[in-house]
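Quick note on labels: first sequence line is chain A, next is B, and so on, each numbered from 1.
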Amino acid sequence: MIHARGLTRRFKVRGGAVDAVRGLDLDVAAGQLVAFLGPNGAGKSTSLRMLTSLLPPTSGTATVAGRDIVKDPAGVRARIGYIGQKNGAGENFRVRDELITQGRCYGLTRAQARTRADEVLTQLDLEPLATRKPGTLSGGQRRRLDIALGLVHRPALLFLDEPSTGLDPQSRANIWEHILRLRAEHGTTLFLTTHYLEEADAMAERVIIIDHGRIIADGTATQLKSDLAGDHLTLTLSTEADLAPAATIAERLNGTVTTPDPATTPDPPTRSHSATSPVLRIRVTRADTALPEYLRALDTAGIKVAAAETTRPTLDDVFLALTGRSLRETGTQVPEPTP
Amino acid sequence: MSFVRDTVTVFEREMAPTWRNPFGLLFTMVQPLLFLYLFGPVLSGSTDLGGAPWEWFVPGILIMMCLSGPMMAGYTLLVELIGGSMERMLVTPLSRTAMLVGRTLKEFVVLLAQGGLLIGLAIPLGLDLHLPGVLTGLALLIVFGVGLGALSFVLAIVSAPGGELFYAVTQLTVFPLLLLSGVLLPVDAGPAWLQTAAALNPVTYIVEAERALFTGAFTTPAVLYGTLAATAVAALGLTLGTRAMRRGI
């Protein structure tokens, strides 16, 4: 569905140039749900704007839905849907009128556009709002309208730029319900950007992490987490003297001790423990199986463990492992939506 | 063919709010209407205006309306550029040029309706209707209005996403252009520098032409100059406008 090679975009700014996207290589197969993850300013939106023909690339090529974004932007536009970061409906226009206009923009006849407008109104539970103006809708309703506008022409590929940003948890869950249903019912290829880690983790089957205009990781969330961050065991020992022998045992069991550097332990509970009692943090492949094994080994060696816990990694740990920075510093943390 | 259809799509979209609330047209006419009713009678008592005060005054009011309406047309575009609706339409296969032409057509229709209404309201006040002249005058007004509307769209595109430039330029140009065109009072009474400034103002020529046409005088040089000025504004506006639209936003 999407094939990009060496896509770059440079913006001229006062006193020089900024490379927003530097050499993007990307292949997305039909039917995939891809989350494009990265901090603000990483190049997510710029990439999306290039792939949707809104912005010509400085260099590089890409075919989207079988059409070249530079040579045949109109062909790309006819085959994709795009739901931007901002609200797509004009303030002066009624909800249904905008949906009809949208259908007309894609070449539907008046009658077809009317039928289709009513269909998407039903699909996104917007019927009661058909004659209202966007300004009178709630944030969640407006976002549903944006999605409805993007669906009028039944695109096989849909780009969504931060579809759930700024919404309350309930509306976010509702938006996701619609997005996932779309995929289940029509097999739509979905390419979305988000800076909500939990969303990318829970919803996308493929996560692409972008930073400073480059792709730094690409895979399933599970894969990325186990490859790049890994599970952790956190053990609280009773005496400081046991730390060294416990660490040796951990290494012997294929664990990597990560404790001595408190800067790389973002887990707040670990830090609070370490103030009073010795804490050992060990990276392992699978925390659930490693813990009993390790506890037995420590017991045999006569080392007393006061507390033990396992931590599954998050995509933030992945980002941290890759860049040394936390995504949370830039993105706003919000409660996890229910899929 | 698809260009025509796209233009119709944009035109219909823009017209829908007007169809749904035609009184909105009156609302944007408040200022010219106030001038017509509250300022016109004062002028009509004056004897300096060649004995035909309403034929002198009404064209000026039409130009005033023409400057405020189409110039502000860019404002609606700016709002859409700052919001996401313009971007949404730019990702559709809709023709870029049709986006401009469709919007301009809407300004054309609105101006025609408002101009017709204003002239109709001026007749009971004492406007002597020279129909061929008035119709030609309206046509000239529309050519000018289309050009101004297109220029206003260009300004909006250049000003996005901030918009400050748009407000600055419209605030700084509309009123001086209006005052220096002798819309309200003849500039002949002003000092030489003001008369020079007026002579450099294209609006002056259009006002002069409108006044000549409203008295039925087709063959005066004023009509020719006014037509040239209006055509120049329209050509400039449409050229810059289509270029801005094609280059992308």
Side-chain angles (χ1 to χ4, degrees), chain A residues 45 48-49 51-56 64 67 69 72-94 96-110 113 131 133-135 142-143 145-150 152-153 155 158-159 161-162, chain B residues 1-22 24-25 27-28 72-99 102-103 106-107 110 156-157 160-163 245-249:
Chain A
S45 290
L48 215 62
R49 290 171 60 80
L51 292 173
T52 52
S53 83
L54 275 172
L55 194 68
V64 173
R67 304 288 156 141
I69 56 163
D72 186 13
V76 172
R77 286 177 203 137
R79 284 161 184 81
I80 61 162
Y82 170 75
I83 294 160
Q85 240 174 68
K86 295 179 196 161
N87 288 116
E91 294 300 331
N92 287 327
F93 307 95
R94 291 183 180 183
R96 188 167 178 267
D97 288 353
E98 275 294 74
L99 288 165
I100 294 172
T101 302
Q102 186 75 348
R104 301 274 295 145
C105 290
Y106 282 102
L108 301 185
T109 64
R110 278 191 187 80
T131 57
K133 286 186 179 179
R142 292 191 68 139
R143 215 54 188 136
L145 174 56
D146 293 338
I147 294 182
L149 284 164
V152 163
H153 60 300
L158 189 62
F159 290 92
D161 199 356
E162 312 214 335
Chain B
M1 249 341 266
S2 80
F3 173 75
V4 175
R5 200 201 52 218
D6 286 353
T7 305
V8 172
T9 300
V10 176
F11 174 72
E12 284 182 347
R13 174 179 190 257
E14 295 298 319
M15 279 307 286
T18 308
W19 291 134
R20 296 210 189 277
N21 180 21
L25 284 187
F27 191 72
T28 55
M72 288 323 281
Y75 173 75
T76 60
L77 180 67
L78 183 67
V79 169
E80 292 211 72
L81 282 166
I82 295 172
S85 49
M86 197 64 197
E87 187 178 75
R88 174 201 110 214
M89 294 183 83
L90 287 170
V91 190
T92 71
L94 196 72
S95 151
R96 283 353 193 201
T97 315
M99 285 185 203
R103 280 173 178 271
K106 183 243 176 176
E107 296 308 320
V110 166
I157 293 169
M245 278 288 181
R246 282 221 181 102
R247 200 170 42 213
I249 294 161

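Contacts between B:Val10 and chain A at a heavy-atom distance below 4.5 Å are absent for every atom of the residue. If you measure heavy-atom distances from A:Ile83 to chain B, you find no contacts under 4.5 Å at all. If you measure heavy-atom distances from A:Asn87 to chain B, the contacts under 4.5 Å come from the backbone alone. The parts of B:Glu14 that come within reach of chain A are both its backbone and its side chain, each placing non-hydrogen atoms under 4.5 angstrom from that chain. Using a 4.5 Å cut-off between heavy atoms, B:Glu87 touches chain A through backbone and side chain atoms alike. The part of A:Arg94 that comes within reach of chain B is its side chain, from C-beta onward, which places non-hydrogen atoms under 4.5 angstrom from that chain.
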A:His153 vs A:Leu108, side-chain contact (heavy atoms from CB on, under 4.5 Å): CA-CA, chis, key distance, verdict: CA-CA 8 Å; A:His153 60 300; A:Leu108 301 185; 6.0 Å; no
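Per-residue counts of heavy-atom pairs under 4.5 Å with chain B were compared for A:Ala113, A:Gly90, A:Ser53, A:Pro56; the largest is that of A:Gly90. The most heavy-atom pairs under 4.5 Å with chain A, out of B:Thr92, B:Thr76, B:Val79, come from B:Thr92. When the candidates A:Ala74, A:Gly107, A:Gly150, A:Pro134 are compared by the number of heavy-atom contacts under 4.5 Å with chain B, A:Gly107 comes out ahead.
Between the CG atom in A:Leu54 and the CZ atom in A:Phe159 there is a gap of 10.5 Å [rounded to 0.5 Å].
Looking only at side-chain heavy atoms (C-beta outward), A:Thr131 and B:Arg20 stay at 4.5 Å or farther from each other. When side chains are defined from C-beta on, B:Arg103 counts as touching B:Arg13, because their heavy atoms get closer than 4.5 Å. Put simply, the side chain of A:Ile100 does not reach to within 4.5 Å of the side chain of B:Glu12, judged on heavy atoms. Residues A:Leu158 and A:Ile80 fail the side-chain proximity criterion, which asks for heavy atoms closer than 4.5 Å.
Between A:Lys86 and A:Glu91 there is no salt bridge, since no side-chain N of the basic residue sits under 4.0 Å from a carboxylate O of the acidic one.
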